[in-house]
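Everything on this sheet refers to the single structure shown next.
Numbering starts at 1 and runs along the sequence shown.
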Amino acid sequence: MKIHKIPWLGHFDDRGHRLSIFSVHVHPDGSRIATGGLDGTVRIWSTEAIRLADGNEELKVHKQLCCMSTHTGTVTSVRFSPNGQYLASGSDDRVVIIWHKEDAIPGIGPTFGSNETHIENWRSYRRLLGHDNDIQDICWSYDSQLFVSVGLDSSIIVWNGTTFERLKRIEAHQSHVKGITFDPAGRYFATESDDRTIKVWRVSDFALEKTISEPFNNSPLSTYFRRPSWSPDGKHIAASNAMNGPVGCVSIIERGTWTSDINLIGHEGPVEVTSFNPKLFKDSNDKLVCILACGGQDRSLSIWTSATSRPMLNCQNVCQKSIGDVCWSPDGLSLYLCSYDGTLLACTFEELELGQMVSDEEIARTLAKYGHGRHGIVLPESSKQLSLEESVEAAKSLSKINNQEPNPLPSEIPSTPFKESEYGKPNSPSINIEAVPKVSNQSPKKAPSTEKATVETPIKNTQKVTITKDGKKRVAPQLLTTLQAVPSTSRLPSTQLQQSSAPHLPPQQFSQPVNSIPKGGVPILVVGAKQKLTEDPNTGEQIGTEESNAPNINAFQDFLPNAIERVTVMPTGELKIPSLKAVVVTSIDNLNRYTLEVKNGSSEKNPTRVVVLENGNTRWMDYLPRPVLLSTGSIHFWAVACDDASLHVYSLTGSRLLPPVMIDSKPVFLECNNNFLFCICSNGMAHAWDILNKKSLFNSCSLAPILDSATRLQSEEPHIVPHIISANISREGVPSISLSTGQTFVYSSLMLSWQRVSDPWWAFGSKHWDSNGLENKDRPLRFYEQQTNDALMEMGRGKFLHRMVEDFTHEEGYEDFERIMTINHLENRISSARLLSLNDEFLETSESYCKLLMQSGCWNKLEEFLDEVYTDTKTTSLLSGKELVARILVALRQLVQTDAEFERVNKTIQKYPTYSLL
């Protein structure tokens with residue numbers, strides 16, 4: 001195999017800098033490839049020029065054939081139709097454009113005022129609108145009759161591949177859909193999403209065939225694409241971004257059973273794209289094998305064969321950034337891959353390097369068992385499907401027999417008197433004014449026991465008839481509003497009318513005005529309405545539902561209220577109260593032998609039972625008059641929160657450590673760590689206690705500042721309010737709250753304020769931001785940054801895309817943007833580590849911070865930090881301030897590269913005599 005990196009092939013900005021390429025695809029005849037990139041253009045390149053280039057800039061053939069710049073956003077996917085007539089491109093502008101090559105009209109050549117050359121004429125043939133967010137991937141069926149697009153709006157849209165009419169919009173995924181592939185046999189297509197599932201859909205009716213989720217448990221959400229691929233023999237799907245325990249892999253899903261027993265492990269990071277070779281090969285045993293290419297975030301390219309469990313080829317660091325797309329040529333001997341660093345690589349193979357290639361006829365015979373080439377014939381894939389189809393056909397024939405109605409007898413046909421003159425002239429129009437049925441005002445009589453066909457007597461509406469001089473009759477028209485109200489009639493049978501009519505909708509219900517004090521008085525305001533246990537129709541679990549007739553405030557919990565008092569509490573319904581479950585189970589971290597089980601009751605006559613088990617045996621038991629909403633436990637105590645806003649705290653042996661603690665309102669979060677207990681109420685107030693010392697860590701504080709509600713009251717447009725995704729308290733008693741916006745806050749009991757320790761702003765520009773996608777709860781600050789990454793991916797691409805391409809740093813006046821942002825981020829991490837008493841992260845970040853200051857020439861900042869640490873006797877529990885300074889100086893001495901740095905570091909070492917300690 002040879003890898004060619006063509007210097008002139010790419011997407012460039014006005015200054016000549018390379019821009020990211022997100023997609024590449026080869027034309028079915030192999031003569032040209034298409035690329036889509038960050039500059040919003042679709043470019044067509046000559047494969048002959050790529051083949052002959054090999055570093056030679058003076059070619060006799062044209063390199064770029066066409067450049068289309070109709071899109072207004074980043075082009076994320078380009079795909080040629082299998083018949084070669086069209087090219088489809090999807091973009092951030094939520095539009096899919098179908099391009100068609102005009103052979104009769106030549107290209108316009110070089111464009112005035114631009115470096116672009118248009119040898120071929122590709123024009124915009126169709127613009128397909130329908131997505132509400134960025135389009136992430138597109139795919140054609142193998143017969144070019146269908147076209148499917150997926151995007152960040154979690155929707156799948158199926159288009160007609162000829163007329164490009166929208167056939168179906170599917171909204172079944174719970175998160176961004178980032179990949180699509182078609183079955184070569186033409187029966188299915190599969191979509192892969194950030195909800196950690198692959199869904200297989202039938203082409204016949206666009207219904208769901210199977211949801212596959214097992215190989216994607218805990219898969220990272222940091223991948224930009226999840227592009228699967230279907231093998232050319234139709235047997236397997238190669239699913240990207242799968243997990244085998246803690247290791248990322250490619251999962252091979254078997255057709256029919258849809259199981260994933262085979263995993264390809266060989267990449268150090270998540271795999272974003274997979275691509276099967278369109279050809280089949282024979283190994284030494286004359287068995288048909290498939291060739292698969294994979295690329296991902298580890299910047300490596302791996303090529304696998306179905307004959308062995310190890311990769312044929314593994315090329316590491318083939319580019320500087322993640323690989324976004326991989327595509328084979330139709331002859332199966334060339335492989336093209338593009339990267340976010342703006343490069344496009346061409347890999348060429350010798351004729352027998354991959355094996356003995358089989359003919360297209362043999363591939364068609366392999367696909368024939370799945371129904372390939374048999375239009376209109378649906379082949380069963382199992383005996384169970386055959387028996388099911390037979391039962392369906394029997395049911396259909398039985399329903400036809402039951403639905404046949406006997407022809408009416410002549411005596412049952414109602415006779416209507418007609419005038420001879422009206423039927424005497426068949427060509428003359430006639431008006432039957434006796435055809436309107438009469439509405440009876442009499443009370444209905446009792447219906448007879450036997451059913452009979454009744455015919456209502458039509459009402460006779462008389463109209464004024466005049467005779468003209470020539471003997472012709474004239475009927476005066478009559479307004480329809482003057483007729484009596486009568487039911488409308490239809491020629492359709494009543495059964496058809498019932499099926500075609502819209503379902504009867506109940507009248508719209510409007511909630512009653514809400515007073516400041518609800519019905520029931522102050523107790524209901526604090527405790528809330530009673531809840532009763534009902535069964536969840538989805539899970540079968542018993543949950544609590546409100547019995548009150550008050551309006552559903554939670555329906556509006558995502559929007560701002562009309563007024564809020566910032567310094568006191570959050571508005572009613574801002575924080576959702578947990579549902580009342582029949583059983584609540586809690587175990588202690590690192591002590592799994594202890595388990596607390598709560599079986600909720602309904603009243604004093606049926607009290608709630610609290611049981612603590614040790615290795616399955618009952619250790620102690622208690623009864624409570626109210627149901628329990630939340631429970632938690634640590635190595636020092638148990639705590640349960642009831643729906644009457646009371647907290648009950650027990651020792652591990654079951655003794656009550658405190659009387660019931662009354663909080664502001666119903667609890668929403670209840671967490672503990674070591675000897676500290678943290679609680680958030682539904683009105684937005686936060687409490688924290690030291691249970692062993694029986695004292696509060698701080699006065700109850702409001703969450704209004706961090707949820708940022710009051711500052712947006714001036715806006716008239718409703719907007720989504722950030723919600724809490726997790727709440728914790730550290731071993732030192734510092735509460736932390738993570739929001740859906742990616743921000744994490746901790747509360748300082750010394751400054752009596754919330755402080756932001758993690759923010760998406762640092763992910764935008766800091767080089768030391770943790771974006772490896774691995775959760776590490778032993779490093780809380782890195783764990784918070786990973787939560788921020790997940791929130792960024794849930795909200796869409798936005799800043800994450802700009803950070804990935806780093807194009808912002810090339811703007812004039814922002815040359816030092818990344819360096820300054822990295823320094824500020826490390827300073828924020830150091831301050832947060834001190835606040836949370838995180839010794840390991842403080843030491844690690846301090847060394848990185850000082851190294852960066854020395855490399856940036858910020859000697860004043862470096863000496864200021866060392867002075868502060870040197871005089872601090874309580875820097876960490878592991879090292880004193882002097883020992884930490886000595887450790888940092890040793891690390892700086894090893895990084896010296898210039899004479900100026902050497903002199904400055906020696907001068908700094910002389911200032912701190914503790915250097916000799918190490």
Non-hydrogen side-chain atoms of [X] and [Y] separated by less than 4.5 Å:
X	Y	value
I97	V42	no
I6	L344	no
R227	S77	yes
D341	S20	no
D39	D13	no

Testing the basics here: between [X] and [Y], what is the closest heavy-atom pair and its distance to 0.1 Å?
X	Y	answer
W122	C66	CD1-CB, 3.9 Å
I323	R299	CD1-C, 4.3 Å
P232	N277	CG-O, 3.3 Å
K199	T211	NZ-OG1, 3.2 Å
C315	I3	SG-CD1, 4.2 Å
I135	I138	CG2-CG2, 4.1 Å

Residue among [options] satisfying side-chain contact (heavy atoms from CB on, under 4.5 Å) with [X]:
X	options	result
R32	H25, K101, E48	K101
I44	M68, Q64, H27	M68
S175	D195, L152, L221	D195

Quick one: pull up CD1 in I253 and CH2 in W230 and give me the separation to the nearest 0.5 Å.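 Separation between the atoms: 9.0 Å.
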Pairing donors with acceptors under 3.5 angstrom, does anything connect the side chains of S23 and R79?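 Distance-only check passes for S23 and R79.
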If we ignore angles and hydrogens, is there a donor and acceptor under 3.5 Å between the side chains of Q85 and Y125?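 No, because no side-chain N or O of Q85 sits under 3.5 Å from a partner of the opposite role on Y125.
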Checking salt bridge (charged side-chain N to carboxylate O under 4.0 Å, His left out) for the pair D194/R226: CA distance, chi angles, key distance, verdict? CA-CA 8 Å; D194 268 351; R226 288 175 179 255; 2.8 Å; yes
Could you tell me if the ring centre of Y224 sits under 6.0 Å from that of F22?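 Yes: the rings meet the under 6.0 Å criterion.
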Looking at Y188 versus F182, is the centre-to-centre ring distance below 6.0 Å?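 Centroid separation for Y188 and F182: 6.0 Å or greater.
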Checking E209 against R187 for the salt bridge (charged side-chain N to carboxylate O under 4.0 Å, His left out) test, could you report, in this order, the C-alpha distance in whole Å, the side-chain angles of both residues, the deciding distance, and whether it holds? CA-CA 11 Å; E209 174 74 14; R187 296 201 59 188; over 6 Å; no
Report the relative orientation of the aromatic rings in F206 and F189; use parallel for angles under 30°, tilted for 30 to 60°, perpendicular for over 60°.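 Tilted.
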Stepwise salt bridge (charged side-chain N to carboxylate O under 4.0 Å, His left out) check, D183 with R255: CA-CA 10 Å; D183 171 22; R255 183 195 187 104; 2.9 Å; yes
From CA spacing to verdict: ring-ring contact (aromatic ring centres under 6.0 Å, His included), Y86, F147: CA-CA 11 Å; Y86 304 106; F147 172 74; 9.9 Å; no
